[in-house]
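Data block below; observations after.
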Amino acid sequence: MFVAPVSTWVKFLIRNSNYQAYTMSKIIYIPDKLPTPPDQQPTVNVFAAVVEPQLINNLVRRLNQIAPLENLRHVKRVRKKHLGDGKTQIALILCLASENNCNLEVLSPCVQELVTSYKLSAFITKVCKEAATTKEEWEEQCKLWPTSYHPPTYNIDGITGFNEVDTQSIFGFMQLAIELAHSSSKSVVNAALIVDPSVKQVIASACDHHISSENASSSNANRETSFENWLKSISSHFDSNGSIIHGTLPSSSLLKTLKQSCSDVSCMYPLRWVNQPLIHSSTSCCWHPLRHAAIAAIESSASRDRRLFPTLETMGDKSVEVEHMGPLTNLAKRQKIDLENVKSKEKKVGTDAEGTYSKSGRPYLCTGYDIYLVWEPCIMCAMALVHQRVRRVFYAFPNPSHGALGSVHRLQGEKSLNHHYAVFRVLFHEDVL
Amino acid sequence: MDSAGSGEDCSSDTLGFMELAIQQAKLALQSLEVPVGCVIVEDGMVIATGRNRTTETRNATRHAEMEAIDILIEAWQRDGLSTSEVADKFSKCKLYVTCEPCIMCASALSIVGIKEVYYGCANDKFGGCGSILSLHLGSRESRTSGNGQGRGFKCTAGIMASEAVALFRSFYEQGNPNAPKPHRPLVNHQVDQ
């Protein structure tokens, strides 16, 4: 029959386009502060003066005492400028100038004294306020006044890039999240996957439950159950490093569908739960205006924690709590089985995961875990992820109207919070094209 | 606090409801939880109470406000209310909470469409009603289209704040014996590199 060759041909195409897809997909770090164009970096005014070379040492030593540039450590005190005729001109920063009053009379008495005794003629100039974070920024800064630049020499959780193995596994987990979001034919919702990156294991997964689709009460549950089964079935695709080797990326048509039909995504339309079509709530009580995918995934990982570690170790006497809990003793049995499953899984995966469960005991919230979201979370979900101590957030699509991790708010840069995660966007080829 | 009103029009009702919220916070304290409590009031009647349960549930999002909201949603769904009826109910409810709602809770309150919030002390680290963000003001977009960042709600700060602070103080003095010590060793993350 002619069917076979056609499907082979299609497979070949898919493989080819996936290769292209891989090379055109990337993981982008979403920084804590809004990036500014290199030539529009914030500046501050300083007083400077041209000085004779032989005075430099004395002046710098004295100025470092009376007017240290404390918040401008990246700024060089001295500027050497090559003039056209082979001569060099040396200038140095005297002190900070106020933004409004650039009158020389505002100089502090000590600096004023120095200016007078060395007969310096002070002038106002601009220097960049913050240290450069990229080479481009640094080159631009030096046009104003020389600064020093220290490129990051170590990799904080992928901020300066991911290696090939990590990249593959990040793409793989995001692919899983997209599958989950799309696994209902009725509507597209957000999906969340909490992952322990040290063993490349899915800890919890959930979809939006803020509204109910027509046959929601069954479909939502089924969807996730079948997804869990599916997850198990694909676990054989993880190679010895735990990375996903079957390596399919979402097709561009799937990505298009997702983007076009996102009106049911909780984080994008958080008030839509009010206007959902009337349903007989007696038969379905699965909608909840706040049960966005991330919130539901957090609850799922918390319940896994309670199931795997039913007693709080720090409370000492386990038997008391178990007795007190009465009918929950079954949980202990289940826990045993789960732990065995987990252990055998770990053996299969072949990573050094012993410490995760045996040495350090139960996890503390989601410390060390990553979360994969199809859409950038809203502010409620983003803050929930701070509370639950997630280590890294990956999302595929930005959320222009309510996104809290770069689009509308930038919660990861909120200094007052007691926990900070790193945020990345997994950009598939559809957006690059 | 310039964005949230301060509690000058403290009627005895307001104080009475806040006293009930403090009672909830004390229950949390007794259970070795961070002492925050709240009550939700409809037509002058307390219809839900909530207290922090983050340690017990190992879910750091189980704040007092979320607990109380969940009680109501569950009850109203059991009564067969539709989503618009639930929304209508929330729009008549006032929340009394001992500490300024965090960014997450403030957003949640705006999503469910609460009418009004009274709180005790400010929350300098996480506050979503004036301290860090001002989500109670809603967004310009939402005021015109009704479907923006979130609806705003009236917010009154400083009701019985010193009582709320005193509870925090005794919590931190007694320590948090439930705080689990096993922060995952960093070694784990480096192993698989």
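Residue numbers start from 1 in every chain, and the chains themselves are labelled A, B, ... in the order their sequence lines are given, proteins ahead of strands.
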* B/Lys94 NZ to B/Ile114 CD1 distance, which is reported to the nearest 0.5 Å ->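 Taking NZ in B/Lys94 and CD1 in B/Ile114, the distance rounds to 11.0 Å.
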* Asked: Rounded to the nearest 0.5 Å, how far apart are CD1 of B/Ile22 and CD of B/Glu19?
  -> 6.5 Å
* Asked: Can you tell which of B/Glu85, B/His63, B/Arg62 has the highest number of heavy-atom pairs within less than 4.5 Å of chain A?
  -> B/His63
* To do: Considering only heavy atoms and a distance below 4.5 Å, find which of B/Leu133, B/Thr61, B/Asn59 pairs most often with chain A.
  => B/Asn59
With a 4.5 angstrom heavy-atom cut-off, could you sort out which part of [X] is near chain A: side chain, backbone, both or neither?
| X | value |
| --- | --- |
| B/Cys105 | neither |
| B/Asp88 | neither |
| B/Ile103 | both |

Do [Y] and [X] meet the salt-bridge criterion of a basic N to acidic O distance under 4.0 Å?
| X | Y | answer |
| --- | --- | --- |
| A/Arg306 | B/Glu56 | no |
| B/Asp43 | B/Lys92 | no |
| A/Asp370 | A/Lys200 | no |

* Considering only heavy atoms and a distance below 4.5 Å, find which of A/Glu299, A/Met380, A/Arg389, A/Lys415 pairs most often with chain B. =>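 Heavy-atom pair counts peak at A/Met380.
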* Who wins among A/Ala382, A/Ser301, A/Ala302, A/Ser303 for the most heavy-atom pairs under 4.5 Å with chain B? -> A/Ala302
* Residues that B/Phe126 engages under ring-ring contact (aromatic ring centres under 6.0 Å, His included), provided they are two or more places apart ->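 With neighbours one apart ignored, the set is A/His387.
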* Structure fact -> The ring pair (Phe, Tyr, Trp, His ring centres under 6.0 Å) partner of B/Phe17 among B/Tyr118, B/Tyr119, B/Tyr96 is B/Tyr96
Sort [X] into side chain, backbone, both or neither according to what part of it lies under 4.5 angstrom from a heavy atom of chain B.
| X | value |
| --- | --- |
| A/Glu414 | side chain |
| A/Leu385 | neither |
| A/Ile298 | both |

